[in-house]
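Notes to accompany the following structure.
Proteins come first, then strands; the chains are lettered A, B, ... in the order of their sequence lines, and each starts at number 1. The model shown is predicted, which means the values in this text are computed figures rather than measured ones.
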Protein chains: 2
Amino acid sequence: MQDKTTQATKQPARNSRSQAISADLIAVVIAVTNGEPRVLTIGEAGALPSGPFELGHRSLQSGLRAWVERQTSHPLGYIEQLYTFADRDRIGDERVERVISISYLGLTREEQSERSPAHGWRGWYDYFPWEDHRAGVPFVLREILVPRLSAWADEAEGSSLRRDRRQRVAHAFGLDDRDWNEELVLQRYELLYEAALVAEATRGSDNGSPLSVPGRSMIADHRRILATGIARLRTKIKYRPVVFELMPPAFTLLQLQRTVEALAGRLVHKQNFRRLIEQQDLVEETGETVSETRGPPAKRFRFRQTVQAERTVAGTKLPLSRA
Amino acid sequence: MQDKTTQATKQPARNSRSQAISADLIAVVIAVTNGEPRVLTIGEAGALPSGPFELGHRSLQSGLRAWVERQTSHPLGYIEQLYTFADRDRIGDERVERVISISYLGLTREEQSERSPAHGWRGWYDYFPWEDHRAGVPFVLREILVPRLSAWADEAEGSSLRRDRRQRVAHAFGLDDRDWNEELVLQRYELLYEAALVAEATRGSDNGSPLSVPGRSMIADHRRILATGIARLRTKIKYRPVVFELMPPAFTLLQLQRTVEALAGRLVHKQNFRRLIEQQDLVEETGETVSETRGPPAKRFRFRQTVQAERTVAGTKLPLSRA
DNA sequence: TCGATTATACTCAATACGAGCATAATGAGG
DNA sequence: CCTCATTATGCTCGTATTGAGTATAATCGA
């Protein structure tokens with residue numbers, strides 16, 4: 001990855017009116033391996049693949065692909081844009097450089113490629129341990145985060161602010177007999193940030209984290225971008241057949257279900273899952289059966305060709321409601 | 001608006017490796033007046049408000065607000081990001097400038113501000129006459145576009161390409177007893193572009209439009225961005241209470257319904273509409289009644305404060321299915 | 001051979017949704 | 001003043017859709 005400082009010093013000085021803008025491309029690349037969602041990282045698992053958008057790039061997408069392949073030697077398949085943001089970035093003295101970050105979500109399968117220390121796959125729940133509800137409410141969430149969030153809400157000045165905080169926390173984390181909504185990944189991360197319960201929030205300030213906070217952090221706002229990607233994916237699997245981008249060419253319905261559950265961070269009713277998948281004609285039998293596990297042999301399925309063609313337009317339903 | 005050419009010549013020449021990037025902010029600002037959806041335009045209704053992102057701007061959003069207010073003196077309320085894209089833009093000789101366009105969707109109400117020739121509100125169906133199905137399938141669509149699209153599909157070389165085109169047309173425009181899906185605004189525009197049935201497609205080339213094509217066009221890709229905005233809005237009203245951004249402080253349920261219908265471009269069942277709105281606790285009665293039209297006086301409603309607070313997180317349902 | 005695990009078929013109640021009927025209130029036009 | 005088109009509003013009803021459970025059979029590991 002090119003160093004920002006180097007780039008900037010290459011350029012001639014400019015007056016304050018002229019545009020000194022550069023654009024960074026950042027990738028959230030997801031795969032699901034053995035029922036665990038994983039994200040492609042670089043730099044000791046503390047950063048997402050990224051690099052500047054250059055004149056040589058044909059498009060934003062191809063620039064992103066080039067950077068990811070250069071940094072991780074992993075080719076990308078399906079990608080979609082996530083979000084664009086611009087934060088003030090000071091470089092040295094008075095020079096102010098404007099950086100626009102354009103983030104993308106990519107879906108692939110983790111190949112048996114050579115592991116290098118410079119990059120690798122990391123379970124996404126390492127970064128968001130409170131997001132995995134497949135085995136019930138996680139310990140960190142119930143025993144550590146909820147009490148601290150409540151304390152944070154209560155310590156607010158003014159009763160209306162207190163009420164506001166309590167309501168936001170209850171909504172985002174499914175408190176007070178509200179339901180857990182797995183799509184609110186970003187809102188939860190932002191609340192934790194506001195309450196200084198993630199490492200990124202206290203970084204750089206003097207009052208460094210007085211309490212140990214859960215979840216591995218990342219450089220800059222990469223973990224926030226990852227949260228955005230997870231949220232988007234959890235939303236999207238409910239109405240578009242994108243799960244199949246993460247599956248091998250042939251798979252059993254249980255494998256498909258485990259993948260969905262890994263992404264959503266919650267379990268689904270098996271019989272209803274199968275009913276929905278089959279009635280939508282998304283998959284077809286390959287004819288083979290496999291018995292990798294105990295129990296009767298399972299039929300193998302593949303994603304239907306015709307649906308794949310109209311991938312961007314076809315719908316999907318999963319036994320996960322969207323409220 | 002600053003002129004791109006001027007900007008570029010101000011800058012020193014650069015070698016091909018260095019970054020010569022500027023970012024444009026483009027706004028799709030929507031209001032609904034008298035049951036007609038309208039878009040804020042500049043330059044003889046042929047362009048969307050836009051301008052370069054500058055160092056002085058605090059954020060992308062505030063930069064966008066500044067440009068829209070400078071160009072149209074209309075203040076913006078709710079805005080959300082639409083999409084970011086980068087196309088190669090040649091300026092003069094060999095110099096290549098990279099322009100990144102970041103588009104936003106804004107929702108307001110059309111105020112009784114002074115009309116100036118430089119800007120104004122335009123009905124969005126002026127640009128997309130085939131999108132308004134409130135009075136049935138539009139004439140232009142049934143009599144002009146569908147035949148031409150069919151012809152375009154049939155003239156393709158190779159049977160698989162022909163089949164592909166026919167299928168895409170049928171899906172996007174609801175042919176062959178398929179249902180019309182009002183969300184596919186962008187797909188439809190892109191198909192029309194591909195089939196050279198919109199003015200933008202033949203622009204610049206020698207074979208200028210041999211046939212008159214329907215719908216007012218816009219500069220550059222502004223009409224494509226407008227299509228993106230309409231598509232997003234039509235999708236979003238179904239699961240988030242954004243319609244209320246377009247409503248006056250108090251309104252009748254019929255006015256609310258007419259607004260939804262204007263946006264969706266199709267009529268909804270009145271009784272079911274009311275049932276959904278009322279059972280969701282989105283609105284509350286103001287206590288007043290009005291009888292502007294014939295029929296019994298209608299109760300006036302307002303959007304509920306509490307819901308407004310959690311606007312970004314609350315859900316909505318409308319009698320418009322999302323498939 | 002037993003028991004845990006899985007595939008797969010069915011049932012059932014609750015609800016959501018689309019579509020229509022019915023009735024009442026009102027203003028416009030004669 | 002009367003009629004009628006128009007609107008507000010309440011109610012019904014059949015049909016999907018959805019969540020949750022029961023039942024049964026196939027298979028592997030111990």
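Taking a cutoff of 4.0 Å between a charged side-chain nitrogen and a carboxylate oxygen, Glu261(B) and Lys270(B) do not qualify as a salt bridge.
Using the six-membered ring where Trp is involved, Tyr189(A) and Phe128(A) have ring planes that are perpendicular, over 60° apart on the 30 and 60° scheme.
Atom CG of Leu276(B) and atom C1' of dT9(D) are 16 Å apart (whole Å). Taking atom NZ on Lys238(B) and atom C1' on dC17(C), their separation rounds to 15 Å, with Å as the unit. The nearest whole Å value for the distance from the CD1 atom in Ile277(B) to the C1' atom in dC17(C) is 15 Å. In this structure, Gln257(B) atom CD and dT7(D) atom P are separated by 11 Å, rounded to whole Å.
When all heavy atoms of Pro37(B) and Leu263(B) are compared, the closest pair comes out as CB-CD2, 4.3 Å.
More than 12 heavy atoms of other residues, nucleotides or ligands lie within 6.0 Å of CZ in Arg300(A), so this atom counts as buried by the packing criterion. Surrounding CZ of Arg168(B) are more than 12 heavy atoms belonging to other residues, nucleotides or ligands, all under 6.0 Å away.
Under the rule for a side-chain contact (heavy atoms from CB on, under 4.5 Å), the partners of Arg232(B) that lie at least two apart in sequence or sit in another chain are Glu80(B), Leu82(B), Leu105(B).
At a non-hydrogen distance threshold of 4.0 Å, Lys270(B), Gln271(B) from residues 262-273 of chain B come into contact with DNA chain D.
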Table of protein N/O atoms under 3.5 Å from nucleotides 28-30 of chain C N/O atoms:
none

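Each of Arg258(B) and Glu278(B) lies near DNA chain D, and the nucleotide nearest Arg258(B) is the one positioned closer to the 5' end. Of the residues near DNA chain D, Pro297(B) and Arg275(A), the one whose nearest nucleotide (by heavy atom distance) lies more toward the 5' end is Pro297(B).
Contacts of Leu254(A) with the nucleic acid, taken as non-hydrogen atoms under 4.0 Å apart, involve only primed sugar atoms and P, OP1 or OP2.
No donor-acceptor contact under 3.5 angstrom links the side chains of Tyr78(B) and Glu245(B), judged on distance only. The closest side-chain donor-acceptor pair between His269(B) and Gln271(B) falls under 3.5 angstrom.
Interatomic distance, CH2 of Trp124(A) versus CD of Glu131(A), reported as 9.0 Å (0.5 Å rounding).
Close to dT8(C), at under 4.0 Å from its OP1 or OP2, lies a side-chain N or O of Arg274(A).
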